[in-house]
Amino acid sequence: MKLLQIVPAIHEFPDLAAFDAEFRLTQRDLILTNARYDARYIKPAGLPCPVIFREQFGSSEPNDRMVNAILARKQELHASVPGGIDRIIAIGGGSIMDMAKVLAVAPEGTKDVNDLYPGMAELKRQHELIAVPTTCGTGSEVTNISIVFRSALGTKHGLVGDALYPVHAVLIPQLLETLPYHVFACSAIDALIHAVESYLSPLATPLTDVFGELAMREIVRGFAVVAADRAALPSLYGQFLRAAANAGVAFGNAGCGPVHALSFALGGKYHVPHGESCYQYFMPVLRFYKAAGAADKLARLEALLAETLHAEDGLNALAELLERILPRKPMSAYGAVEADVEAFARSTIDNQQRLLGRACVPVTLDVARGIIADCL
Ligand SMILES: [Fe+2]
């Protein structure tokens, strides 16, 4: 039984210049990022690399049309740069990581990311990928999965395989300093959900639990500080980045579960950001587990939360803390209507069995329907 796999080397630098000093970037290294990171950090650091701005290809979360257009642009650059593109450097949040992973594994000439799904386990690394997160949430810098909305299926789908692992994950607290508070809150809650879902997964091992517990404690402690004094947040960027990477190691091995499974229909239809759509179902799924009599592991989670938050009831204390970090809105606030309950429940059951298989109590169509209806 494999207890744990960590592929990327994990680095931390105070700023982008220090990263460049060690990695010696050249014009053959392609950066995928947002224009605002280029203006604020990349240009001032004098990096010589060609840059693709993801917003030139759309502002939503990744979909196949957007990824295909970026893939075509990368192939143009590959043909025009002397020697061709060598490394792919993703500087951004989860969407940029997801798209950069496709660039790193798509064989030359690939026109449609959908063509990669049938043989995804056999994909080969075409370029070394260096993942530099600018949020403290996805943990994507240490995982081998890319999530893309597939138009023909009408839902997000994971492209998964060893070739998708970044070779280096690079944590740079400086890059979080312009993160809007709302994005910080959503991404850190997403990281917490990664830690919790992987902890409760049937694939969890004693070693994934080490990373999951560490991430949970660091995020919950950090949230308690931020809830009391938001001005303290900048001093915690390094802590949240490391926690998100630790949670990524945990879920990269043990998987996420029904919270993520349920989130995709809401996120896909109403374009609710990933962390926010997961947050929608996080506490309802934990309360479902408790009501359904999930035993040992949930009890350990509750004890960890109670101890960390100095509270009697760990789940209630967590729910109260999260409300102070980011008040949760009903699904209707995003535009969801009664008819979405059935459609979302069926979409979850039909399309997300891989994630539902990591639930610690089975999530049936009835259960999914009940959770979604309560959130409306
Ligand atoms: Fe997530």
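In each ligand, atom 1 is the first atom listed, and ligand 1 is the first ligand listed.
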Trainee: Test the K269-F344 pair against the cation-pi criterion, namely NZ or CZ under 6.0 angstrom from the six-membered ring centroid and within 45° of the ring axis.
Mentor: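 No; the conditions do not both hold, so K269 does not lie above the ring face of F344.
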Trainee: With the Fe ion (ligand 1) as the point of reference, which N/O/S atom of H274 is the closest?
Mentor: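 Nearest to the Fe ion (ligand 1) within H274's N, O and S set: NE2.
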Trainee: Can you confirm if the NZ or CZ of R230 lies within 45° of the ring axis of Y181 and under 6.0 Å from the centre of its six-membered ring?
Mentor: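 Yes, R230 and Y181 form such a contact.
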Trainee: For the Fe ion (ligand 1), what is the closest N, O or S atom on D190?
Mentor: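 Of all N, O or S atoms belonging to D190, OD1 is the one nearest the Fe ion (ligand 1).
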Trainee: Within 45° of the axis and under 6.0 Å from the centre of the six-membered ring of F223, does NZ or CZ of R324 qualify?
Mentor: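 Because its charged atom misses either the 6.0 Å distance or the 45° angle limit, R324 does not stack over F223.
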Trainee: From H260, does some N, O or S atom reach closer than 2.8 Å to the Fe ion (ligand 1)?
Mentor: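 Looking at H260, which is the residue asked about, there is an N, O or S atom under 2.8 Å from the Fe ion (ligand 1).
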Trainee: Can you tell me if D64 and S151 form a side-chain donor-acceptor pair at under 3.5 Å?
Mentor: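 A donor-acceptor contact under 3.5 Å links the two side chains.
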Trainee: Hey, is the Fe ion (ligand 1) within less than 2.8 Å of some N/O/S atom on C278?
Mentor: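 Checking C278: none of its N, O or S atoms is under 2.8 Å.
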